[in-house]
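Comments concern the structure below.
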Amino acid sequence: MTVTPHPALPRQKHVPERTCVACRRKRPQAEFRRVTRVGGVWTVQEGDRTGRGAYVCADTPACWQEKRLRRAFGAQAPQVAAQLAGPTPSPISMDQPMTT
């Protein structure tokens, strides 16, 4: 016997959740900034999601403090804190011509 879903109930889309390494709060993945480790160096990258990653709340500057980032990033916490507090880089559009 197969069970068919009720046609009146809308199907909910799966929303991936992640945990902030600073405050340990779970939220939808879209509400975080991702810090990626490539070649042993932690950097805040927009877009490309390769390498080992960690998530930090995007809208909570208290989570960007060096002291709260030490557990996850160790000696590189000051550099990660500076990157998070700095201006957010705009993503590169494929429509714009590249300049050299």
Side-chain angles (χ1 to χ4, degrees):
M1 177 176 180
T2 59
V3 178
T4 58
H6 192 276
L9 298 175
R11 191 167 198 191
Q12 293 182 357
K13 186 177 178 184
H14 172 73
V15 177
E17 285 189 340
R18 299 292 183 259
T19 302
C20 176
V21 295
C23 68
R24 310 307 251 172
R25 185 170 51 172
K26 282 191 167 196
R27 301 169 76 173
Q29 183 176 357
E31 296 179 16
F32 288 104
R33 291 187 68 189
R34 187 165 191 267
V35 183
T36 306
R37 187 174 78 186
V38 178
V41 178
W42 289 99
T43 57
V44 178
Q45 291 182 334
E46 301 296 327
D48 191 19
R49 295 185 180 252
T50 59
R52 179 168 297 275
Y55 293 86
V56 180
C57 294
D59 60 350
T60 311
C63 292
W64 308 342
Q65 295 175 357
E66 175 190 341
K67 186 175 181 179
R68 297 190 89 177
L69 298 172
R70 280 187 201 146
R71 179 182 296 158
F73 306 114
Q76 294 181 24
Q79 291 85 6
V80 173
Q83 289 179 22
L84 288 166
T88 305
S90 61
I92 298 173
S93 173
M94 297 306 286
D95 298 335
Q96 297 175 349
M98 293 187 65
T99 58
T100 56

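These numbers come from the heavy atoms of this one structure, side chains and all, not from hydrogens, waters or symmetry mates. Every value quoted in this text rests on a predicted model; they were computed, and no experiment measured them.
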side-chain contact (heavy atoms from CB on, under 4.5 Å) partners of Arg34, counting only residues at least two apart: Thr36, Arg49, Tyr55

Shortest non-hydrogen pair, Ala54 vs Val21, comes out as CB-CG1, 3.8 Å

State which residues pass side-chain contact (heavy atoms from CB on, under 4.5 Å) with Thr60; sequence neighbours excluded, sorted by chain then number. Arg25, Arg27, Cys57, Ala62, Cys63

Once ring-ring contact (aromatic ring centres under 6.0 Å, His included) is applied, what residue pairs with a partner in residues 62-87 remain, sequence neighbours excluded? Trp42-Phe73

Val35 side chain reached by Thr43 side chain, heavy atoms, under 4.5 Å: no

Residue pairs meeting salt bridge (Lys or Arg N to Asp or Glu O under 4.0 Å), one or both in residues 68-81, sequence neighbours left out, come to Glu66-Arg70

Ion pair present between Arg18 and Glu31, side-chain N to carboxylate O less than 4.0 angstrom? no

Within a strict 4.5 Å, meaning less than it, do heavy atoms of the Pro16 and His14 side chains meet? yes

Please confirm whether the backbone N or O of Thr50 pairs with a side-chain atom of Gln45, one donor and one acceptor, at under 3.5 Å? no

Going from OG1 on Thr19 to NZ on Lys26, what distance comes out if it is rounded to the nearest 0.5 angstrom? 4.5 Å

